Each structure stands twice: as structure tokens, then as C-alpha cells.
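Notes to accompany the following structure.
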Amino acid sequence: MKVLLTGGLGFIGSHTAVALAAAGHEPVLFDNLSNSSPTVVKRVSQITGRSVSCVIADVRDASAVRKAMDDERVEAVVHFAALKAVAESVSSPLSYHANNVGGLLSLLEAMDDVGVRDIVFSSSATVYGEPHELPIDENHPTSAVNPYGRTKLICEQILSDLTRGSGEWRVSLLRYFNPVGGHPSGLIGESPLGKPNNLMPLLVRAAQKTGSGAHLSVFGTDYPTTDGSAVRDYVHVVDLAEGHVAALDRLATGDALQIYNLGTGRGTSVLELLAAFEKANNVAVPHVSAPRRDGDVAAMFASVDKAQRELGWRAQRGIEEMCLDSWLFATKSHSDLGGALPV
Ligand code: NAD
Ligand code: WQD
């Protein structure tokens, strides 16, 4: 099947392109390069051993989306393209709503025009807001705690409405927990263009700058967790990518609206991740204790039973592999991607 991947040059999109190709599908990448490099196309082609099509355009340009879908005879869409920095969404809510919600609307219009109505959407565990219970399953109440989260919730609602309409739309909402890692080739990984916000790229950066006085700030060491630092469900991006293949396969047979958590079901604290990274890669990560970050919760991890039951998908890779593959990409392959992490 030919599948359009909006945001296909990004962290999760590029790994999903590789997983789709490995499963016999044909990915068509579509990206405006706002947080990625064109080099990724070459890297994905190198890993898959075939030339991968790519259109450089914005999803808010409905005619460009229509043309890409027509030219490539696309049959389904995975919609990754979005802005994702929580703090930036607080300072620039308009650009987040315009890009994430506006982008989805114009994509859906273009899809409707060309008669393609199967879509997998990149949602996030952020839609669960403050956890009421752990592990979090798909029936947990949803709420938004920042503008980024609100864009994800609004997009989920728009897509849910479509499945209650004509009966033609088939939608899979994938709620990712904390994606980390990279491809085992070291050719693709997480390479944000601006200042990184997530823990793993910041941890990698601290490890790369050992000796310079730079360090990782551990946000909160007084949480009610085993070691006082906050707990999250880190999931290897290659596992996540394979989850998209399973979700696309399931779209054809299951309910019109399908919702799945993609995580490992296991919680790891910041200090545990840091220690695992140092051990796996035999490097030091200079770090200091810092106050809690505004808006953070003590612990969050997924119930992954539904994905296993209905998609036949379960994450296979552990914390050690996540640490090894994040470091491999940072040290071997990152320099010519134009990202923020110095090598
Ligand atoms: P990313 O920034 O690496 O990838 C997103 C890609 O979309 C980038 O290549 C960017 O250039 C592109 N893009 C953004 N706006 C666009 C537009 N208007 N038109 C065309 N392309 C556009 O991010 P990622 O980590 O790969 O995230 C992918 C998706 O998963 C996003 O929707 C994100 O919100 C969601 N998500 C990410 C995480 C995470 O921690 N990485 C967690 C949960 C959900
Ligand atoms: C993980 C843990 C931090 C940086 C965010 C979004 C969520 C989703 C995934 C998109 C937390 C701690 C971090 C640092 C630290 N994204 N930390 N020092 O906050 O769980 O989730 O990314 O949908 O919506 O909110 O991920 O990687 O930012 O933080 O101690 O320098 O690492 O406090 O406990 P988070 P994260």
C-alpha cells in the first residue's frame, strides 16, 4: 500500500517510513522541513535500499497535499506533521493551533477531495492530562494541560466526529508515551533543529559536553517515586514505528475509530534512565538536582494491553537498547543533519 507520511522526515516519521518499507508498503514522505533536514530522505533510502519519494511542502497547502496524493496514488495517510514543544506552545498558542489544528483540517479536506479516508494520527499521552490512575488505559478521561495538548485533543475530536458521519472515514488515534532511541544503523534518530526540550536529547548533549561544565538538570528529586525523580514510559522509536504498521493493517478490519496507547507499560525514573545511559554507553552524564518543572507529573506509564490484544503489537526493546541507539545516532551520524546537538 502507498502511504503518505506527513512529517515523514521527522523523528518518528522517518523510522515509520523504514518500518513500512520493511513490511512491503511504499512510504511517500511529505514535510515542510520546519524541524527536519532533507538529508533524512537519503538516509531512509539508504536503510531501505530503495528510492523513497518525498514532497517538500506544508500540510496547510491543501493543493500540494492533493497533488502529492494524486501523483503518487496514495491509499492511506499517517499524519505526524505538527509542532511539539510544550513550553513554546504556551508562548505561541496561535502558531500551535494554526499548524496542528489548521494543518489537520486542510489535510482532511485534501484527503476527502481525492477520496482517501484512512488516517493514522500521531496523538500523545498528553491527552490524559493529570493521571487519575496508573497504568493509564485508553478509557482514562482526557483533558489538556497546555496549548500543545489542547491541539492534540481537538484533532482527536475532529477525527472522531468524521467517523460518526458518512461512515467512510477510518481513523486510528495512536497515543505515544515517551519516544526515544534511533535506528540501529545510526543513520536516523532524533535531531531537533532548535533547542531540544525532551529528556533524551538533553541527556545526550550533556554526555557529549562532559568536561565543559555543561550538565543535565534533573527536574524534581522530591517526587513520591522510588528515587524521588519523575517516572515516564520510554518507548523505542523502532517499536513505535512498527506500531504504526500494525495500526494501518488493522484500519481495514476494525471499528471506524480505533484508539491505542503505544508505550512499554513500564515506568523508568529520570535517575534510572541516566544511570542506564551511563552504563550502556560507558560515558558520564554530568547532572545536578533542580526544582520540579512546571506542569510535570510525578509518574506516567501506559497500559498496553489493548494494543497487544487488537494490534498484536508489543514493544520489544528495553531501556538499554534505547540508550545505545540514541547515543549511536548522536555520535556517528548527526553532524550533517543540521540539528542542535553538537558532535
Ligand atoms: P518531529 O518534529 O521530529 O517531526 C515532525 C515533522 O513534521 C518535522 O519533520 C517537521 O518539519 C514536520 N512539520 C511540522 N509542521 C509541518 C507542516 N505544517 N507541514 C509539513 N510538515 C510539517 O517530531 P516527532 O517527534 O517525530 O513527532 C511526530 C508526531 O508525534 C507529532 O505530531 C508529535 O506531536 C507527536 N508526538 C511526539 C512525541 C515525542 O515526544 N516525540 C510524543 C507524542 C506525540
Ligand atoms: C521526561 C522527564 C522531566 C528534561 C513531553 C510532552 C508530551 C510528549 C512527550 C509530545 C520529565 C524530566 C526533562 C530535563 C529532566 N510529547 N526532565 N531534565 O514531559 O514526559 O513529555 O514529551 O506529545 O506531551 O509533555 O517528556 O522528555 O520533556 O521529560 O529531568 O532537562 O524528564 O521533568 O520527568 P514529558 P520530557
Side-chain angles (χ1 to χ4, degrees), residues 5-16 29-38 40 55-61 64-65 78-87 89 95-96 98-100 102-104 106-107 121-129 144-146 148-149 151-152 155 174-180 188-203 205-206 215-221 223 225 229-235 237 240-241 244 262-263 267-271 273-274 287-301 339:
L5 306 191
T6 73
L9 299 193
F11 174 40
I12 304 168
S14 56
H15 290 82
T16 302
L29 313 183
F30 187 104
D31 202 297
N32 69 354
L33 301 179
S34 60
N35 197 33
S36 50
S37 157
V40 172
V55 176
I56 302 302
D58 196 295
V59 282
R60 287 167 293 177
D61 180 349
V65 179
V78 186
H79 183 44
F80 298 100
L83 300 175
K84 63 166 182 176
V86 171
S89 80
S95 57
Y96 272 68
N99 196 69
N100 295 4
L104 176 71
S106 82
L107 170 70
F121 176 69
S122 289
S123 190
S124 166
T126 190
V127 300
Y128 294 121
V145 290
N146 53 60
Y148 166 74
T151 68
K152 289 293 169 190
C155 288
L174 301 183
R175 295 173 176 164
Y176 316 149
F177 278 67
N178 289 64
V180 296
I188 54 173
E190 189 166 12
S191 187
L193 290 182
K195 185 177 170 295
N197 300 289
N198 291 114
L199 177 60
M200 185 60 94
L202 288 163
L203 198 154
R205 189 160 76 160
H215 57 260
L216 177 80
S217 294
V218 178
F219 294 145
T221 48
Y223 284 112
T225 58
S229 64
V231 166
R232 295 290 182 276
D233 186 340
Y234 299 96
V235 55
V237 66
L240 200 61
H244 291 73
L262 296 185
T268 302
S269 75
V270 175
L271 291 172
L273 185 68
L274 199 151
H287 58 280
V288 297
S289 297
R292 295 179 181 191
R293 189 173 66 177
D294 268 359
D296 275 355
V297 299
M300 223 168 156
F301 50 93

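Just so we're clear, the structure is a prediction, and the values are computed from it rather than from any experiment. Read the numbers this way: they start at 1 and go in the same order the structure lists the ligands and their atoms.
- Residue Ala82 holds the heavy atom nearest to atom 5 (C) of ligand 1 of all those in Pro179, Ala82, Ser37, Ala98.
- Looking from atom 31 (O) of ligand 2 to the surrounding protein, the closest heavy atom is Leu202 CD1, 3.4 Å.
- The shortest N/O to N/O separation between Gly7 and ligand 1 does not fall below 3.5 Å.
- Counting protein heavy atoms only, atom 26 (O) of ligand 1 is closest to Ile12 N, 2.8 Å.
- For the ligand labelled ligand 2, residue Tyr148 lies inside the 4.0 Å heavy-atom shell.
- With Thr126 contributing its side chain and Gly149 its backbone, the two residues share no donor-acceptor pair below 3.5 Å.
- Polar contact with ligand 1: absent for Gly13 (N/O pair, distance under 3.5 Å).
- Scanning the protein for heavy atoms near atom 24 (P) of ligand 1, the closest one is Lys84 NZ, 3.7 Å.
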Point to revise | Candidate pair Tyr148 and Lys84, rule side chain to side chain contact (heavy atoms under 4.5 Å, CB included), full reasoning | key: CA-CA 7 Å; Tyr148 166 74; Lys84 63 166 182 176; 3.9 Å; yes
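- On a distance-only criterion, Tyr148 and ligand 1 share at least one N/O pair closer than 3.5 Å.
- The nearest pair of heavy atoms linking Val65 to Val59 is CG2-O, 3.7 Å.
- If you look at Tyr223 next to ligand 2, there are no close heavy atoms at all, none under 4.0 Å.
- The backbone and the side chain of Asn198 each have at least one atom closer than 4.0 Å to an atom of ligand 2 (non-hydrogen atoms only).
- Ser229 contributes a side-chain N or O that, together with a main-chain N or O of Leu271, makes up a donor-acceptor pair within less than 3.5 Å.
- The atoms of ligand 2 that sit less than 4.0 Å from any heavy atom of Val218 are 30 (O).
- Nearest protein neighbour of atom 19 (N) of ligand 1, counting heavy atoms only, is Val59 N, 3.0 Å.
- Nearest protein heavy-atom contact of atom 30 (O) of ligand 1 is Tyr176 CE1, 3.2 Å.
- Heavy-atom proximity to Leu33, at under 4.0 Å, picks out these atoms of ligand 1: 11 (O).
- Only the side chain of Asn99 comes within 4.0 Å of ligand 1, judged by heavy-atom distances.
- Near Ala230, with a cut-off below 4.0 Å to any heavy atom, the atoms of ligand 2 are 34 (O).
- What sits closest to atom 11 (O) of ligand 1 on the protein, heavy atoms only, is Asp31 OD1, 2.6 Å.
- Of the protein's heavy atoms, Ser124 OG, 4.1 Å lies nearest to atom 7 (C) of ligand 2.
- Contact annotation for Lys84 and ligand 2: no heavy atom of the residue comes within less than 4.0 Å of the ligand.
- Under 4.0 angstrom from ligand 1, the non-hydrogen atoms of Ser123 all belong to its backbone.
- The closest protein non-hydrogen atom to atom 2 (O) of ligand 1 is Asn35 ND2, 2.7 Å.
- Under 4.0 Å from ligand 2, heavy atoms of Leu199 appear from its side chain as well as its backbone.
- The distance from ligand 2 to the heavy atoms of Asp296 drops below 4.0 Å at these ligand atoms: 3 (C), 11 (C), 19 (O), 33 (O).
- In this structure, Ala57 has a heavy atom closer than 4.0 Å to ligand 1.
- Annotation: atom 4 (O) of ligand 1 to nearest protein heavy atom, Gly10 CA, 3.4 Å.
- Scanning the protein heavy atoms around atom 35 (P) of ligand 2, the nearest turns out to be Asn178 ND2, 3.6 Å.
- For ligand 1, the polar-atom distance check finds no N/O of Leu9 at less than 3.5 Å from any of the ligand's N/O atoms.
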Exercise for review: Test Ser123 against Leu174 for side chain to side chain contact (heavy atoms under 4.5 Å, CB included), laying out the working first.
Suggested key: CA-CA 5 Å; Ser123 190; Leu174 301 183; 5.9 Å; no
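- Not one N or O on the side chain of Asn100 forms a donor-acceptor pair closer than 3.5 Å with the backbone of Lys152.
- The two residues Asn35 and Leu193 make their nearest non-hydrogen contact at OD1-N, 2.9 Å.
- Looking at Leu273, Thr126, Thr221, Leu216, it is Thr126 that brings a heavy atom closest to atom 24 (O) of ligand 2.
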Practice item. Take Leu199 and Val270 through the test side chain to side chain contact (heavy atoms under 4.5 Å, CB included) and record every step on the way to the result. Key: CA-CA 8 Å; Leu199 177 60; Val270 175; 4.1 Å; yes
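- Ranking protein heavy atoms by distance to atom 20 (C) of ligand 1, first place goes to Asn32 N, 3.3 Å.
- Under 4.0 angstrom from ligand 1, there are no non-hydrogen atoms of Pro192.
- No part of Thr6 comes within 4.0 Å of ligand 1, judged by heavy-atom distances.
- Scanning the protein for heavy atoms near atom 12 (C) of ligand 2, the closest one is Val270 CG2, 3.8 Å.
- Contact annotation for Ser217 and ligand 2: only backbone heavy atoms (N, CA, C, O) come within less than 4.0 Å of the ligand.
- With ligand atoms numbered from 1 in the order given, ligand 2 contributes 6 (C), 25 (O) to contacts under 4.0 Å with heavy atoms of Val86.
- Of the N or O atoms in Ser34, one or more lie within a sub-3.5 Å distance of an N or O in ligand 1.
- Comparing Phe219, Tyr128, Tyr234 by heavy-atom distance to atom 2 (C) of ligand 2, the nearest is Tyr234.
- Which of Arg175, Arg293, Arg232 comes nearest to atom 29 (O) of ligand 2 through a heavy atom is settled by distance: it is Arg293.
- For the pair Leu83 and ligand 1, the shortest N or O to N or O distance does not fall below 3.5 Å.
- Ligand-side atoms of ligand 2 in range of Asn197: 28 (O), range being under 4.0 angstrom from any heavy atom.
- Only side-chain heavy atoms of Lys152 come within less than 4.0 Å of ligand 1; its backbone N, CA, C and O stay farther off.
- Taking only nitrogen or oxygen atoms, main chain and side chain alike, Glu190 does not reach within less than 3.5 Å of ligand 1.
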